[in-house]
Amino acid sequence: MDVEVRALGAADRPWVRERVEKVWGSPTVVSRGRVHRPETLPGLAALRGGGRVGLLTYRVEDRSCEVVTLQAVIEGVGIGSALLEALGREGRARGWQRIWLVTTDDNARAIRFYEARGFRRVAVHRDAVAKSRELKPEIPERARDGTPIRDELEFELALGDPG
């Protein structure tokens, strides 16, 4: 699939909010005890045929970049990979040491996706989702298949020499 990736612009912000609300149930996302409003964050849009088919938002602190949201309108055709590759190129150009992200323990598909793209699981934050629910009550207790949602799993992709 031919996918073009570009930086988000002001005209994309309503679409970002709509996508985040649709996928995460509200305009906010919580990771590691922090509430994010993805529509206000830097990010990337994936385009195909002129239409937006993927979204990645992130925040940078020091020389680390946290992926806050990653979603593809059509899964399994390379959209998420294209977005992560573009972010990796940007990170290397900017001198970031790592890209990291958090997903939950019920999200087996995302775990396989990240590991297949070189991300390593670096931490399991036990029962962290209960704390996240205090900040965002919309987070369900169980996944659609009934799997309990309890832990946050942290993954990272090393980009450069820590020296």
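Residue numbers run from 1 in the order of the sequence given.
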Short side-chain to backbone donor-acceptor contact, [X] and [Y], under 3.5 Å:
X: Asp12; Y: Gly9; result: yes
X: Lys136; Y: Val29; result: no
X: Arg6; Y: Ala46; result: no
X: Thr57; Y: Thr69; result: yes
X: Asp105; Y: Arg150; result: yes
X: Arg37; Y: Pro27; result: no

Hydrophobic clusters here meaning ILVMFWY residues chained together by side-chain heavy-atom distances under 4.5 Å, can you tell me if [X] and [Y] are in one?
X: Tyr58; Y: Leu84; answer: yes
X: Val129; Y: Leu101; answer: no
X: Ile139; Y: Val68; answer: no
X: Ile74; Y: Leu56; answer: yes
X: Ile99; Y: Ile111; answer: yes

Taking atom [atom1] of [X] and atom [atom2] of [Y], what is their separation to the nearest 0.5 Å?
X: Trp24; Y: Gln71; atom1: CH2; atom2: CD; result: 4.5 Å
X: Arg17; Y: Arg13; atom1: CZ; atom2: CZ; result: 13.0 Å
X: Thr28; Y: Arg34; atom1: OG1; atom2: CZ; result: 14.0 Å
X: Asp145; Y: Arg142; atom1: CG; atom2: CZ; result: 10.0 Å
X: Leu41; Y: Glu39; atom1: CG; atom2: CD; result: 9.0 Å
X: Arg19; Y: Lys22; atom1: CZ; atom2: NZ; result: 5.0 Å

| query | Which residues pass the salt bridge (charged side-chain N to carboxylate O under 4.0 Å, His left out) test with Arg117, sequence neighbours left out? | reply |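 Salt bridge (charged side-chain N to carboxylate O under 4.0 Å, His left out) check on Arg117 returns nothing, list empty.
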| Those residues that, when tested against Asp151, pass salt bridge (charged side-chain N to carboxylate O under 4.0 Å, His left out) (two or more places apart) |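 Checked Asp151 against salt bridge (charged side-chain N to carboxylate O under 4.0 Å, His left out); zero matches.
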Do [X] and [Y] make a side-chain contact, defined as non-hydrogen atoms from C-beta onward lying under 4.5 Å apart?
X: Val16; Y: Leu55; answer: yes
X: Leu44; Y: Leu8; answer: no
X: Trp96; Y: Val60; answer: yes
X: Arg133; Y: Glu141; answer: yes
X: Glu61; Y: Glu66; answer: no
X: Arg59; Y: Cys65; answer: no
X: Leu70; Y: Leu83; answer: yes
X: Glu152; Y: Arg32; answer: yes

Does the distance from a Lys or Arg side-chain N to an Asp or Glu carboxylate O, for [X] and [Y], drop under 4.0 Å?
X: Arg94; Y: Glu90; value: yes
X: Asp2; Y: Arg48; value: no
X: Arg109; Y: Glu75; value: yes
X: Glu156; Y: Arg120; value: no

| task | Evaluate side-chain contact (heavy atoms from CB on, under 4.5 Å) for Leu159 paired with Gln97, printing each intermediate quantity in order. | result | CA-CA 5 Å; Leu159 293 181; Gln97 290 179 345; 5.9 Å; no
| message | Is it the case that the side chains of Arg98 and Ser64 hold a donor-acceptor pair, with the cut-off being a distance below 3.5 Å and no angle test? | response |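 Their side chains do contain a donor-acceptor pair, which is all the 3.5 Å distance test asks for.
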Search all heavy atoms of [X] against all heavy atoms of [Y] and return the closest pair with its distance.
X: Glu138; Y: Gly25; value: CG-O, 4.2 Å
X: Leu135; Y: Gly33; value: CD1-O, 3.5 Å
X: Val20; Y: Pro38; value: CG2-CB, 3.7 Å
X: Thr103; Y: Ala110; value: OG1-CB, 4.1 Å

| field | Worked verdict on Arg121 versus Glu154 for salt bridge (charged side-chain N to carboxylate O under 4.0 Å, His left out) | value | CA-CA 6 Å; Arg121 190 179 317 193; Glu154 187 174 332; over 6 Å; no
| request: Check step by step if side chain to side chain donor-acceptor pair (under 3.5 Å) holds for His36 and Ser31. | output: CA-CA 8 Å; His36 305 280; Ser31 68; 3.1 Å; yes
| Any chance the rings of Phe119 and Phe155 have centres within less than 6.0 Å? |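 No.
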